[in-house]
Every structure is written in C-alpha cells, then in structure tokens.
Enquirer: 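Handing you a structure now.
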Amino acid sequence: MRAFLIWLAAALALAAPARAFETAATSAWVYDVATGTVLMEKNADVPLPPASMSKLMTLTMLFEALHDGRYTMESTFPVSVKAWRMGGSKMFVEPADRPSVEDLIHGIIVNSGNDACVVVAEGMAGSEEAFARQMTERAAQLGMTQTNLTNSSGWPDPEHRMSMHDLGVLAAYMIREFPELYEKFAMTEYTYKGRVPSNANNRNPLLRLGTGEWTADGLKTGHTQEAGYGLVGSAIQDGRRVVFVISGLESERARAEESERIVNWAFRDFAMNRLVPAGETVLEAPVWLGTETRVGLTTENGVNVLVPIALRDQVRVEVVYDGPIPAPIAQGDEVARLVVTVPGRPDTVTPLLAASDVPEAGFVGRLRGAVMQLGQRAISAVTG
C-alpha cells in the first residue's frame, strides 16, 4: 500500500531557480555531508595523480594512531637523510631535529611538507614503502576503491593514483571522525623553528576569502605538472557542510576561482528541507487484529532532504508499507518507509517506526477483525 503525503510538499516551497553547473575541472566531486547527497560528479571515479592531496591519507593514518593511543601530540620522530633531502614543498626539518607529532601535522597541512610526510611514514612503518602499502590497505577498508599509493607525499609516480570520489570520501571521514584535529586545517600560517618563512602560508585559497555567507576550513591543495592544480575543500554555512574535490585546473588562480564558484553554487542552488522533525508522527497506519486499529508512524532522527531549488515542484514524498500491519507491534519496530523522490537523483529512503506498542487482540477482537475483513472483501467483490 502507498499513502501519498501531499501536505509535505508545502515544506519544499523555495525561492529562486537553480542553474546547471559546468566545471572547468577535468575531474570533480561535490558532496553534501549532512544528507549524504552527491551534488555533482565529473570523471569522479577515474584514478588520477592526486599530487599533494594524497597527503590527507598520510594524515589520516597519523590521526588514527593518535586516537588509538599509539602516539600523543608530544611524541617525536627522527629525521632521516631521505626525508631531509626531499624536494618540492618542505617543512624544512633537518637530521638533528626531533619534530613532534603536532609539529609534523602543522608542517603537512600548512607547509605541504614532503619531508614531513616521509618522517611520519618512516616513524610509523619503518619505511615509506611499507607505509604506502598500509595506506593503500586502509583506504580500501574505508571504501576507497580507486586508490593505490606508492609514497607518503604525493610525489609523482605512475602507480600513485586516487579518484576524486575517494578523496572526497576520505575528507568526509576525517571531518566526521577527528573534529578536534580537523580544526588544524584552518591554520593559515606555520613555520618550523622560524625556517624559510616564504613557505609559511597555507596554499588553500578558500581560507582567505571570508565571504561572510560561508566559511571554508579545509583541506588540502595539490599540484604537479601531470595532475594540474587541484583542491580538496570544505565549507560550512548555517550548520550545513559541503565537501568538494577538483583536479586538472590550469593555474592557481583558476583553482581559486573554480573553488569559490563550486561552494557558492552548492549553497545557493540547493536547499535543506526538514520534512519531518525527530519524533513527530508522519501518519497513522491501519493495524490488523490488534487492540488498536491504527498505529502512528514516526522516525528516529527526523527526515532532512536536500532539494535542488529548480526541482522543488517535482519532489514526490510517500509512505510505503504492507497493510494493514499485523499485530502484535512493538514500539520502535520498523513497519514502513518514507520515500522521497527527486528527479535524476537516488531516492532518499527513511525507515518509519511504530510510535507505540499494539498488542494482539483477544479472541473477541480477533473474531471482530476477521468479520470486518470478510465484509470488506464482499463489498470489494460487489463493487469490483
């Protein structure tokens, strides 16, 4: 049986038309965290050179080790000659240094230190090669199906690959699982022991925008000749968070402009709609052979749906269940589903739970119910 919830359509009344978004990036993935909605994808599952964006996996391994208690922020690692000699972006550690875990986190996030990544890899796994294998295995466990890592820094290698989808999944995981550590991605400046202040600034262009409408707080830029300019970014507006990944831009300026365009589009052209508050009864469904003839249907956490503004008049909301629902019913039993359909997007399906207990009726009640059902069948036969 399907019951259409026409009254919910009022909650979808929005204001302005949405626009289709065409990105200049060769690969992109845009994601609304609260609803788990993919807003846009372009070549998102193609494994590509991630450049320094793959440093997020190095940081993830370190963040997990901190949470497991294997290290503290004060733990220190030695600096090998290999780490010291790394080229590209550097934190500028030296063999005599013993940087702390906190130093290294800052050096990777802000300075994009290739040397800092090697220090972490060797400190945690003994060698960068072993650490790369561990990262690849962990990525697979996190559902990152197009990731193969051969080093800790994103240094160019034909086998070092990640998809933009995988990078987005990783970013969302870091934001969700490590909120206190994630705050460090908003740091705009850091120098280790005052060395080379010219490399002190975070390259993430969104951190410097300060639009007033939304706030960016992460995560990581990347650039090599093969990969072009890329960014794993995240921004928040009125409690709603968007994560996005772009790659293949032609310049730093193009990366900055495209990042800002994507964030503006994600917030302005989609609206969060609270269709059902937590605990509110959606409707009452008929009960078969129970002490009550109906039972309320509710949700555990409410229902929030992200709707493209241009499609607000095409959203369909319905309750689906096999009814009447047979007694006995226990409060909290999953007895129906709320299905929200937005054209061109996967359905949002939320379990509906019984709001109260409905015991099985006694003999008289069951007899009365059987008679009523027979009467309904007879009426259907006559009118059919």
Enquirer: Quick one, Met174 and Phe185 - any side-chain contact, counting heavy atoms below 4.5 Å?
Expert: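 Result yes, sub-4.5 Å side-chain heavy-atom pair found.
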Enquirer: So Trp265 and Phe270, would you call those rings parallel, tilted or perpendicular, with 30° and 60° as cut-offs?
Expert: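 Because their plane-to-plane angle is over 60°, the rings of Trp265 and Phe270 count as perpendicular.
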Enquirer: Do you know which two heavy atoms are closest between Glu360 and Pro328, and how far apart they sit?
Expert: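 So the two residues come closest at N-CB, 3.9 Å.
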Enquirer: Can you check whether Trp214 reaches Glu260 side chain to side chain, under 4.5 Å on heavy atoms?
Expert: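 Side chain of Trp214 against side chain of Glu260, heavy atoms only: contact under 4.5 Å found.
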Enquirer: So, applying side chain to side chain contact (heavy atoms under 4.5 Å, CB included) with Ser259, which one of Leu249, Leu206, Thr221 is it?
Expert: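 Result for side chain to side chain contact (heavy atoms under 4.5 Å, CB included) with Ser259: Leu206.
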Enquirer: If you compare all heavy atoms of Leu207 against all heavy atoms of Met187, which two are closest, and at what distance to 0.1 Å?
Expert: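 So the minimum-distance heavy-atom pair works out to CD1-O, 3.9 Å.
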Enquirer: Give me the atom names and distance for the closest heavy-atom approach of Phe267 to Ala235.
Expert: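 Nearest heavy atoms, Phe267 then Ala235: CZ-O, 3.6 Å.
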Enquirer: Quick one about Thr341 and Asp347 (side-chain donor to acceptor, distance below 3.5 Å, no hydrogens or angles considered), yes or no?
Expert: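 Looking only at side-chain atoms, Thr341 and Asp347 do form a donor-acceptor pair, the distance falling under 3.5 Å.
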Enquirer: So how far is it from Asn111 CG to Asn201 CG, rounded to the nearest 0.5 Å?
Expert: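 One gets 9.5 Å once the value is rounded to the nearest 0.5 Å.
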Enquirer: The test is side-chain hydrogen bond (donor to acceptor under 3.5 Å, both in side chains); show your working for Lys220 and Ser54 and say whether it passes.
Expert: CA-CA 9 Å; Lys220 191 72 192 72; Ser54 68; over 6 Å; no
Enquirer: Decide salt bridge (Lys or Arg N to Asp or Glu O under 4.0 Å) for Lys193 and Glu94; before the verdict, give the C-alpha distance in whole Å, the side-chain angles of both, and the deciding distance to 0.1 Å.
Expert: CA-CA 11 Å; Lys193 295 187 175 182; Glu94 298 175 357; over 6 Å; no
Enquirer: Determine yes or no for a side-chain-to-main-chain donor-acceptor pair under 3.5 angstrom, with Asp68 supplying the side chain and Arg70 the backbone.
Expert: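 No; judged by distance alone, with no hydrogens or angles, the pair does not exist.
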Enquirer: Distance from Leu338 atom CG to Thr299 atom OG1, nearest 0.5 Å?
Expert: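 That separation rounds to 8.0 Å.
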Enquirer: Side-chain donor-acceptor pair under 3.5 Å between Gln237 and Arg240, yes or no?
Expert: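 The criterion, which ignores hydrogens and geometry beyond distance, is not satisfied for Arg240 and Gln237.
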Enquirer: State, with a plain yes or no, whether a side-chain heavy atom of Leu56 is found less than 4.5 Å away from one of Tyr173.
Expert: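 With C-beta onward as the side chain, the pair stays apart.
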Enquirer: Pick one: which of Thr191, Val119, Asp115 meets side chain to side chain contact (heavy atoms under 4.5 Å, CB included) with Met91?
Expert: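 Single side chain to side chain contact (heavy atoms under 4.5 Å, CB included) partner of Met91 among Thr191, Val119, Asp115: Asp115.
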Enquirer: Please list, chain by chain and in numerical order, all residues satisfying side chain to side chain donor-acceptor pair (under 3.5 Å) with Thr58, sequence neighbours excluded.
Expert: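 Thr58 satisfies side chain to side chain donor-acceptor pair (under 3.5 Å) with no other residue.
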Enquirer: Any carboxylate oxygen within less than 4.0 angstrom of a Lys/Arg side-chain nitrogen, looking at Asp217 and Arg241?
Expert: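 So Asp217 pairs with Arg241 through a salt bridge.
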Enquirer: Are Arg203 and Glu252 close enough for a salt bridge, meaning some N to O gap below 4.0 Å?
Expert: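 No salt bridge links Arg203 with Glu252.
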Enquirer: Would you say the side-chain atoms of Ser80 and Glu122 include a donor-acceptor pair closer than 3.5 Å?
Expert: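 Side-chain D/A pair, Ser80 to Glu122: present.
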Enquirer: What closest approach, in Å, do Tyr31 and Gly36 show between heavy atoms, and which atom pair accounts for it?
Expert: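 Smallest heavy-atom distance, with atoms named: OH-CA, 3.3 Å.
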Enquirer: For Arg133, which residues count as a side chain to side chain donor-acceptor pair (under 3.5 Å) partner, sequence neighbours excluded?
Expert: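 By the side chain to side chain donor-acceptor pair (under 3.5 Å) rule, Arg133 matches no residue at all.
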